[in-house]
Amino acid sequence: MFDIRAIRNEPETFDKGWSRRGLEPQTPAILKLDEDRRSLQTSLQELQAKRNEESKKIGLIKRDGGDASAQMDAVAAIKTQMGELEEQERDLSKALNDLLSALPNLMADDVPDGADEADNVEIHKWGEIKSLKGPDHVEIGEALGLIDFETAAKMSGARFTILKGAMARMERALAQFFLDTHTAEHDLTEVSPPLLVRDNALYGTGQLPKFSEDQFSTRETDHYLIPTAEVPITNMVAGKIIDTETLPHRYCAHTPCFRSEAGSAGKDTKGMLRQHQFYKVEMVSITTADKSEEEHERMLGCAENVLKKLEIPFRTVKLCSGDTGFGATKTYDIEVWLPGQETYREVSSISNCKDFQARRMNARTRVKGEKETNFVHTLNGSGVAVGRALIAVIENYYDPTDGGVFVPEVLKPYMGGIDKIVKG
RNA sequence: GGAGAGGUGGCCGAGUGGUUUAAGGCGCACGCUUGGAAAGCGUGUUAGGGUUCAUAGCCCUACGUGGGUUCAAAUCCCAUCCUCUCCUCCA
């Protein structure tokens, strides 16, 4: 959401910003609605003031035992006038609001122009690629008898997976390792949030109203299944005024994520790369405006650190304008090397939304003792996607001599001390 | 799922149709007082919006949320959300 006054003051900035996302100039329509609404509001308020004033006289006349019927008729006439204006005002407000809530955030100046992921800019690479090419996780997992897509499909359809034995445990181990690292080394506070939320929460983080077809929802109760823990965690500050000195607030959570993948038919159909349900450890930071860029870099460091400890080669890219998400001003993706695909694939996406979400959910901060409030800045990032990290471990730690998968050093404490997953 | 109670400012809490411009208290801020403090006294203390050169003034809106009744709603009606108590169920 946007500050309508900022749009009034510098419409060119907004149109220029939106044009980077391929949108036609939006401000003429916005400003027209805004102007109409305000002039209507002004006349409506004048009528309201008049009504209040005249109404009070009725009270006074009645208190003194007089006959107020003439005065009552006069006020009734004002009210008739107001009715129409109220309706028009409501329609205009709704139209303006609908328009604004469907518009994406403006991007940071240093976001490169580009159409799609091919135009993303690599920032750096880390790690040594040991196997350039190899079997993919489907082949490895099925041969070990520990990943089962067929059985999952029978009960749930496509894009679901069953993990068994040491593979199920490794998924859990990754999540524990991520959480322990973030809480112990990165000073994030662990959260266990609701997995079902109402529409207003999704509106706050920007998935609604525009992306409703990407969400799963419950038939009986009008809940949505969270597509990421970003939704419930960020919404923890909705409607609040936070003491500035307590910021930043840094959280992480391990949750399942549910996505309909409505627009992805035919994409990544093989394996567990793109699922309707997957686990992810998510990080969220709430900061003041002057600290959010610094926090963004810090968050990137947190995500990269867990991959370094896992010793999985990755590269970090800055998303171009065409690939940057709806609510973000700037996004870094971290991509891990997958020998099975002979390419890098995303395991983490880290975004600074600045005040975009905060405005939608009315999340503010105030310095103690001062009167002025400001919107907080919100940031979110995967730290990291558990399912995809598991794929990376399987493919990068594969042992061609026996078809097994070595256990990364940092996961051993979580794996009952075993060194390797082998066919049982 | 059944029965009931309730949601008022930062907090507590009064208020069942019109001098509510939301009493009173606590807290907080400032001032007076003091050698300094406490106590006491005084003043102030919500948010969003419109108008405006304006941070001045004036005005509008908001008593969980959304509708409605009325000349007039914190107060009456309907819906909805949330909290609490009891029963039922349950990991």
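Basis for what follows: all heavy atoms, side chains included, without hydrogens, waters or symmetry-related copies. Chain naming here is simple, since letters A, B, ... match the order of the sequence lines and numbering starts at 1 in each.
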Hey, does the side chain of [X] come within less than 4.0 Å of [N]'s phosphate (OP1/OP2), counting only N and O?
X	N	value
R198(A)	U65(B)	no
N52(A)	U61(B)	yes
R51(A)	U61(B)	yes
R8(A)	G50(B)	yes
R5(A)	G49(B)	yes

From the options [options], select the nucleotide whose nearest atom is closest to the side chain of [X].
X	options	value
T373(A)	G48(B), C71(B), C81(B)	G48(B)
T42(A)	G50(B), A72(B), G48(B)	G50(B)
R366(A)	U61(B), A47(B), G49(B)	A47(B)
R38(A)	C59(B), U51(B), U61(B)	U51(B)
R364(A)	C60(B), A47(B), C71(B)	A47(B)

Return yes if a side-chain donor-acceptor contact under 3.5 Å exists between [X] and [Y], otherwise no.
X	Y	result
E295(A)	T287(A)	no
K280(A)	T228(A)	yes
D333(A)	S349(A)	yes

Exercise for review: For C76(B), give its Watson-Crick or G-U wobble partner with both distances under 3.5 Å, or none.
Suggested key: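 Looking at the geometry, C76(B) pairs with G68(B).
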**Study point:** Identity of whatever pairs with A38(B) - Watson-Crick or G-U, under 3.5 angstrom
**Key:**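 When the pairing criteria are applied, nothing turns out to pair with A38(B), so the answer is none.
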Practice item. May I ask you to check whether F2(A) and F356(A) place their ring centres under 6.0 Å from each other? Key: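 Ring centres of F2(A) and F356(A) closer than 6.0 Å.
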Review point. Considering only heavy atoms and no angle criterion, is a donor-acceptor pair shorter than 3.5 Å present between the side chain of Q45(A) and the base of G49(B)?
Key: yes
Study note, to complete from the structure: Taking for R90(A) and for E46(A) the nucleotide of RNA chain B with the nearest heavy atom, the one nearer the 5' end belongs to E46(A)
